[in-house]
Amino acid sequence: MNAIRQIVEVKNHKLSIELPENFDAEYAEVIIFPKEEEFDFEISEDEKALMRKRVAEAKEEDFEDWDAIKHNFL
């Protein structure tokens, strides 16, 4: 799974998001929150290491196909 978090400038009610070359998905889910200073936080190195470990240990069978479950959320 690829996850990208970016803070981008809104210009004329539009956003422009540039994806890295290795992002080869046909579709992407986009969730937009207004950036507010009070929501700024730092992730500790320990938390980053834990997230990297969990992503590295993830197995294909740990995930469900979005097409099979989207009716639960839409």
Side-chain angles (χ1 to χ4, degrees):
M1 176 178 84
N2 250 335
I4 299 168
R5 180 174 189 249
Q6 294 182 15
I7 306 296
V8 297
E9 185 177 359
V10 178
K11 293 182 183 177
N12 298 320
H13 297 278
K14 295 181 183 179
L15 306 172
S16 177
I17 301 171
E18 188 170 331
L19 301 172
E21 292 291 326
N22 65 347
F23 192 93
D24 58 357
E26 186 174 351
Y27 295 93
E29 179 177 0
V30 178
I31 301 172
I32 301 171
F33 294 100
K35 182 179 182 310
E36 297 179 15
E37 294 303 317
E38 63 190 326
F39 293 120
D40 263 353
F41 62 92
E42 291 293 321
I43 300 174
S44 72
E45 290 305 315
D46 289 341
E47 290 171 313
K48 290 177 188 177
L50 178 61
M51 286 187 271
R52 288 184 187 108
K53 179 180 179 219
R54 289 191 176 159
V55 168
E57 293 173 349
K59 300 179 191 96
E60 185 70 29
E61 60 267 17
D62 293 335
F63 299 93
E64 295 181 66
D65 181 64
W66 172 245
D67 288 329
I69 63 168
K70 67 182 174 186
H71 65 278
N72 295 329
F73 304 97
L74 301 178

For [X] versus [Y], what's the shortest heavy-atom pair and its separation?
| X | Y | answer |
| --- | --- | --- |
| Q6 | E18 | NE2-O, 3.2 Å |
| I4 | P20 | CD1-CD, 3.5 Å |
| E47 | E42 | OE1-O, 4.4 Å |

- Sequence neighbours left out, what passes side-chain contact (heavy atoms from CB on, under 4.5 Å) with K48? Give chain and number order. I43, E45, R52
- Query: Listed by chain and number, what are the side-chain contact (heavy atoms from CB on, under 4.5 Å) partners of E21, not counting sequence neighbours?
  - Reply: none
- Query: Does D65 reach the main-chain N or O of D67 with its side chain, forming a donor-acceptor pair under 3.5 Å?
  - Reply: yes
- Task: Among Ile, Leu, Val, Met, Phe, Trp and Tyr joined by side-chain contacts under 4.5 Å, find the other residues sharing a cluster with I69 and list them by chain and number.
- Result: W66, F73, L74
- Got more than 12 heavy atoms from elsewhere within 6.0 Å of CD, E29? no
- Message: Quick check for you: to the nearest 0.5 Å, what is the distance between L15 atom CG and H13 atom NE2?
- Response: 11.0 Å
- Message: When you group the ILVMFWY residues by side-chain heavy-atom contacts below 4.5 Å and let the links chain together, are I32 and V8 in the same group?
- Response: yes
